[in-house]
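Atoms within a ligand are numbered from 1 in the order they appear, just like the ligands themselves. Computed over heavy atoms, backbone and side chain alike; hydrogens, waters and symmetry mates excluded. Throughout, residue positions are numbered sequentially from 1 according to the sequence presented.
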Amino acid sequence: MKTALITGATAGFGEAIAIKFAKNGYNLILTGRRKELLLQISEQLSNKYAIEVLPLCFDLRKLEEVEKHLGQLPAEWQAIDVLVNNAGLAVGMNSIQEGVIDDWERMIDTNIKGLLYLTRIIAPLMVKRQQGHIFNIGSIAGKEVYVNGNVYCATKHAVDALSKAMRMDLLPHNIRVSQISPGAAETEFSIVRFKGDKERADNVYKGYEPLQAEDIANVVYFVATLPAHVNINDLVIMPTAQASATVWNKGYKKV
Ligand code: NDP
Ligand code: 8X3
């Protein structure tokens, strides 16, 4: 049986990716900070599908926690075939001159440093086995910038650069690296970005059909199950009604 490690599995893309891989018989290592939610999702998946699930509750921003939970994985959990670096967030949407330093630090520490801490532990396990597939969840914000997106866009541009760099460094070890870069998807993302302002979050998805978490999960699974000699380097996935980070077709009516 294969094993996938998915970060940020308590909501959104991570949860949908966990469900998709569980349905297809992968054992799972799932991470997130919300313990009850993580345990509940893990239990549901291991009860419903004939798989083992190892839930690990920690904050990706804390190196000592990442090392404590992943640095000493039991031997039977060390053969990780798929790593999905998914956990991440946007916090706030201010101009650079009015930016909130704590928001910046949360984004930089999670989206860049957390991804690096985790990869630094898991990549050597893959190198040892000379096989594995790493997914980094980037964003259209890693390809373009938009007004008041400054630091979030910068973190996703960093993920874009790291995905290319990881592909080169891991090339001699037969390890695939794929970046998945979505446009607007309706998850908890905007609720987190707007610090619990549900109305403002809901407005982001009004007037068109956004992506759903399952759309991204289906793509990750498709890419992960291509023949071993095929790697998708990078995929930008948008709602049909979104052409770029800032160009929309809102209010389109089907005829
Ligand atoms: P959600 O808010 O729905 O889920 C985010 C997940 O990340 C949660 O499971 C959360 O778990 C976890 N997480 C956040 N911070 C930490 C942390 N410090 N330590 C551990 N886990 C953490 O958002 P999405 O599913 O939409 O986002 C997933 C990824 O996709 C992110 O990297 C995001 O930037 C990216 N993305 C999202 C898009 C969208 O429009 N939704 C579009 C493009 C990219 P918990 O709170 O339990 O810790
Ligand atoms: C999330 C998509 O356009 O809000 O990464 O940056 S966007």
S.K.: Any idea which protein heavy atom is nearest atom 18 (N) of ligand 1, and the distance to it?
M.R.: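 Nearest protein contact, heavy atoms only, for atom 18 (N) of ligand 1 is D59 OD1, 2.9 Å.
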S.K.: Ignoring angles and geometry beyond distance, decide whether G32 reaches within less than 3.5 Å of ligand 1 through its nitrogen or oxygen atoms.
M.R.: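 The answer is no, given that G32 and ligand 1 share no N or O pair closer than 3.5 Å.
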S.K.: Has Q130 got more than 12 heavy atoms of other residues, nucleotides or ligands less than 6.0 Å from its CD?
M.R.: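 More than 12 heavy atoms, drawn from other residues, nucleotides or ligands, come within 6.0 Å of this atom.
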S.K.: Within the distance-only criterion (no hydrogens, no angle test), does the side chain of Q212 pair as donor or acceptor with the backbone N or O of E214 below 3.5 angstrom?
M.R.: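 Looks like no, no N/O pair under 3.5 Å.
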S.K.: For D234 and Q179, which I'm curious about, is there any donor-acceptor pair between the side chains at under 3.5 Å?
M.R.: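 Yes, a side-chain donor-acceptor pair sits under 3.5 Å.
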S.K.: If you draw a 6.0 Å radius around NZ in K195, do more than 12 non-hydrogen atoms from other residues or ligands fall strictly inside?
M.R.: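 Correct, the count exceeds 12.
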S.K.: Of S139, A87, G183, which has the heavy atom at the shortest distance from atom 42 (C) of ligand 1?
M.R.: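 Nearest heavy atom to atom 42 (C) of ligand 1 lies in G183.
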S.K.: Using 30° and 60° as the class limits, which term best fits the ring planes of Y208 and Y205: parallel, tilted or perpendicular?
M.R.: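 It falls in the tilted class, 30° to 60°.
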S.K.: Tell me the nearest of Y205, Y152, F58 to atom 20 (C) of ligand 1, using heavy-atom distances.
M.R.: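 Answer by nearest heavy atom: F58.
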S.K.: Which residue supplies the protein heavy atom nearest to atom 19 (N) of ligand 1, what is that atom called, and how far is it?
M.R.: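 Checking every protein heavy atom, the shortest distance to atom 19 (N) of ligand 1 gives L60 N, 3.0 Å.
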S.K.: Please verify whether a non-hydrogen atom of G114 lies at under 4.0 Å from ligand 1.
M.R.: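 G114 does not count as a contact of ligand 1 under the 4.0 Å cut-off.
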S.K.: Please name the residue in the list K198, K206, R200 that meets the side chain to side chain donor-acceptor pair (under 3.5 Å) test with D202.
M.R.: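 Between D202 and the candidates, side chain to side chain donor-acceptor pair (under 3.5 Å) is satisfied uniquely by K198.
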S.K.: Does the N or O separation between F13 and ligand 1 drop below 3.5 Å for any pair?
M.R.: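 Yes - when backbone and side-chain N and O of F13 are compared with those of ligand 1, one distance drops under 3.5 Å.
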S.K.: Between N233 and N231, does any side-chain donor sit less than 3.5 Å from a side-chain acceptor?
M.R.: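 Side chains of N233 and N231: pair found under 3.5 Å.
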S.K.: Is there a nitrogen or oxygen of K156 sitting under 3.5 Å from a nitrogen or oxygen of ligand 1?
M.R.: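 Looking only at distances, the answer is yes, because the N/O contact criterion of under 3.5 Å is met.
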S.K.: Starting from atom 24 (P) of ligand 1, which protein heavy atom do you reach first, and at what distance in Å?
M.R.: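 In this structure, atom 24 (P) of ligand 1 has T187 OG1, 3.5 Å as its nearest protein heavy atom.
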S.K.: In terms of residue, atom name and distance, what is the protein heavy atom nearest to atom 14 (C) of ligand 1?
M.R.: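 It is R33 NH2, 3.5 Å.
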S.K.: Could you identify the single nearest non-hydrogen protein atom to atom 3 (O) of ligand 1 and state the distance to 0.1 Å?
M.R.: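 So the nearest neighbour among protein heavy atoms is E188 N, 3.1 Å.
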S.K.: Take a 6.0 Å sphere around CZ of R120 and say whether it holds more than 12 heavy atoms from other residues, nucleotides or ligands.
M.R.: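 Atom CZ in R120 is not packed in, count stays at 12 or less.
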S.K.: Who gets closest to atom 31 (C) of ligand 1 by heavy atom: L30, N86, I137?
M.R.: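 Ranked by closest heavy atom to atom 31 (C) of ligand 1, first place is N86.
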S.K.: Is there a polar contact between ligand 1 and P182, counting only N or O atoms under 3.5 Å apart?
M.R.: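 Not met; the criterion fails.
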S.K.: Is it true that G138 lies under 4.0 Å from ligand 1, counting heavy atoms only?
M.R.: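 It does, in that a heavy atom of G138 comes within the 4.0 Å cut-off of ligand 1.
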S.K.: Look at atom 5 (C) of ligand 1 and find which of G88, C57, A213 reaches it with the closest heavy atom.
M.R.: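 Checking each option, the heavy atom nearest atom 5 (C) of ligand 1 is found in G88.
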S.K.: Kindly write out the residues that satisfy salt bridge (charged side-chain N to carboxylate O under 4.0 Å, His left out) with K113, not counting sequence neighbours, or none if the list is empty.
M.R.: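 For K113 the salt bridge (charged side-chain N to carboxylate O under 4.0 Å, His left out) partners, ignoring immediate neighbours, are D109.
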S.K.: Salt bridge or not for K156 and D160, using N-O below 4.0 Å?
M.R.: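 No salt bridge links K156 with D160.
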S.K.: May I ask you to list the atoms of ligand 1 that are less than 4.0 angstrom from any heavy atom of G12?
M.R.: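 Those of ligand 1 that fall under 4.0 Å from G12 are 3 (O), 25 (O).
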S.K.: Please determine if T10 has a nitrogen or oxygen closer than 3.5 Å to a nitrogen or oxygen of ligand 1.
M.R.: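 Looking only at distances, the answer is yes, because the N/O contact criterion of under 3.5 Å is met.
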S.K.: Please indicate whether K143 has more than 12 foreign heavy atoms, meaning atoms of other residues, nucleotides or ligands, lying under 6.0 Å from its NZ.
M.R.: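 For K143, atom NZ is crowded (more than 12 foreign heavy atoms under 6.0 Å).
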S.K.: Evaluate the ring planes of H69 and F58, with Trp represented by its six-membered ring, and classify them as parallel (under 30°), tilted (30 to 60°) or perpendicular (over 60°).
M.R.: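 Correct class here is parallel.
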S.K.: Are V91 and Y152 packed together at the side-chain level, in the sense that at least one heavy-atom pair is separated by less than 4.5 angstrom?
M.R.: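 Of all side-chain heavy-atom pairs linking Y152 with V91, none is under 4.5 Å.
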S.K.: Which pair of heavy atoms, one from M93 and one from Y146, lies closest together, and at what distance?
M.R.: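 Minimum heavy-atom contact is CE-CE1, 3.6 Å.
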S.K.: Compile the protein residues with any heavy atom at a distance under 4.0 Å from an atom of ligand 2; present them by chain, then by number.
M.R.: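 Near ligand 2, by chain and number: S139, I140, A141, Y146, Y152, F189, R193.
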S.K.: So does E52 get a backbone contact from the side chain of N27, meaning a donor-acceptor N/O pair under 3.5 Å?
M.R.: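 Pair found, side chain donor or acceptor close to backbone of E52.
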S.K.: To the nearest 0.1 Å, how far is atom 4 (O) of ligand 1 from its closest protein heavy atom, and which atom is that?
M.R.: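 Residue, atom and distance for the closest contact: A11 CB, 3.9 Å.
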S.K.: Please state which protein non-hydrogen atom is closest to atom 12 (C) of ligand 1 and give its distance, to 0.1 Å?
M.R.: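 Checked against all protein heavy atoms, atom 12 (C) of ligand 1 sits closest to G8 CA, 3.6 Å.
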S.K.: Any nitrogen or oxygen of A185, main chain or side chain, under 3.5 Å from a nitrogen or oxygen of ligand 1?
M.R.: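 Between A185 and ligand 1, an N or O pair is found under 3.5 Å apart.
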S.K.: Sub-3.5 Å donor-acceptor pair from the side chain of E186 to the main-chain atoms of P210, do we have one?
M.R.: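 It does not hold such a pair.
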